[in-house]
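Worksheet: the structure to be examined is printed underneath.
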Amino acid sequence: MVIIGSGPAGLTAALYTSRANLEPLLIEGIEAGGQLMLTTLVENYPGFRAGVMGPDLMGEMRAQAQHFGAAILQGDVTSVDLSKRPFTINVGQTVYTADTLIIATGASAKWLDLGVDRKLSGRGVSTCATCDGFFFKGLPVAVVGGGDTAMEEAIYLSKLATSVTVVHRRNSLRASKVMQDKAMSTPNISFLWNKEVIDIKDLDQGKVTSLVLRDTQTGAQSDLAVDGVFIGIGHTPNTALFKGQLAMHDNGYLKTHDGSRTSVPGVFAAGDVQDHVYRQAVTAAGSGCMAAIDAERFLSGTLHDTSHSIHPPPSTSSPS
Ligand code: NDP
């Protein structure tokens, strides 16, 4: 039993499978703990009346899984072979094999694809206000995007920055009404509508000095002087490792059916890597539990599937 990913989905799968004596190996990746490591107070994870800090919650989940015997390996998976069982999972030069695999690799923040945004990452460009907002105390910043992420970033930054300008490519927000209202009623948050970022200055100085904007209606260009820019335009699922091996939706998220089953019998998926709709810590944890139970039933030969013929894995490799 190998689990890839160490957010709420992966760690819950590790908790359930270790308690079922499946001796899971969890490969936690370099961004260990997932997206909750980039947040502060989490108020909507059940069981914490006063909320819980994201990194603390992940630390507890990790310790709980280890307490029941889950082995945790630090390292990024570099390739997998899911064409036959046991499956092969490579971490650099080291090869692991697994009779069953749970994928919980999550999703990562999207960049603008300007090139310059990544080059100035950590030097004025960020995808995480709670991580980097502090550096812009008393300075003007911009947030790009019109969804809940962008509103959340803007509201957080409004408490630190002198001003927050939300730059959105359309004239209406995608964010939920409650988040829109909160952002719009914050005095130092303003909105620039129908604007896309076409450049970020100044690579030569190695810091952000302004954004070059283009009006999506008129094509007119303008400059916005800021010291920082936060990109809040959504997420990309971490599925590159599985391209060509597992069925995916057009947007790159893994396809699952009958619970957590992927297109390859014995491979299960949990959390944001297969969920572009709910994307909550609690739903990720819940789907990690589902994957663990499905994997356990697969190993014991009691998993019933409507669209695949699934057999328990043989002890040596054989065609799947
Ligand atoms: P969304 O996909 O909802 O929004 C992305 C936003 O970024 C859209 O406004 C989109 O514009 C814009 N955008 C996308 N690509 C680009 C680009 N290349 N250039 C400029 N703008 C771009 O993603 P979110 O991360 O905001 O939210 C994802 C999900 O997570 C949602 O279901 C949301 O409700 C949820 N969420 C909930 C939170 C909460 O409840 N506290 C906090 C954060 C997220 P356009 O509108 O034109 O498509």
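Taking a cutoff of 4.0 Å between a charged side-chain nitrogen and a carboxylate oxygen, Glu196 and Arg169 do not qualify as a salt bridge. Ion pair Asp202/Lys207 not flagged as a salt bridge, since none of the NZ, NE, NH1 or NH2 atoms sits closer than 4.0 Å to an Asp/Glu carboxylate oxygen. By the 4.0 Å N-to-carboxylate-O rule, Asp117 lies too far from Lys119 to be salt-bridged with it.
In this structure, His67 places its NE2 atom where only 12 or fewer heavy-atom neighbours from other residues, nucleotides or ligands lie under 6.0 Å away.
In this pair, Phe48 and Tyr45 present their aromatic rings tilted. The plane angle is within the 30 to 60° band. Using bins of under 30°, 30° to 60° and over 60° for the plane-to-plane angle, the ring pair His276/Tyr253 lands in the tilted bin.
Checking side-chain atoms of Ser126 against main-chain N and O of Gly122 turns up no donor-acceptor pair under 3.5 Å. Formation of a donor-acceptor pair under 3.5 Å by the Asn194 side chain with backbone atoms of Asn171 is found in this model. Judged by distance alone, the side chain of Gln180 and the main-chain N or O of Ala175 form a donor-acceptor pair under 3.5 Å. Formation of a donor-acceptor pair under 3.5 Å by the Thr262 side chain with backbone atoms of Val267 is found in this model.
Between the side chains of Arg279 and His235, at least one donor N or O sits under 3.5 Å from an acceptor N or O. If you check the side chains of Asn90 and Ser79, you find a donor sitting under 3.5 Å from an acceptor. Counting only N and O atoms by type, the side chains of Ser260 and Asp294 include a donor and acceptor under 3.5 Å apart.
Checked against the 6.0 Å centroid threshold, Phe136 and Phe230 count as a close aromatic pair.
Using a 4.5 Å cut-off between side-chain heavy atoms of Ile, Leu, Val, Met, Phe, Trp and Tyr, with links allowed through other members, Ile189 and Val229 fall into different hydrophobic clusters.
Residues Ala183 and Met151 come closest through the heavy atom pair CB-SD, 3.7 Å.
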Which pairs of donor and acceptor atoms, one on a side chain in residues 6-16, lie under 3.5 Å apart (sequence neighbours left out)?
{"residue": "Ser6", "atom": "OG", "partner": "Glu28", "partner atom": "O", "Å": "3.0"}
{"residue": "Ser6", "atom": "OG", "partner": "Gly33", "partner atom": "N", "Å": "2.9"}
{"residue": "Thr12", "atom": "OG1", "partner": "Pro8", "partner atom": "O", "Å": "2.6"}

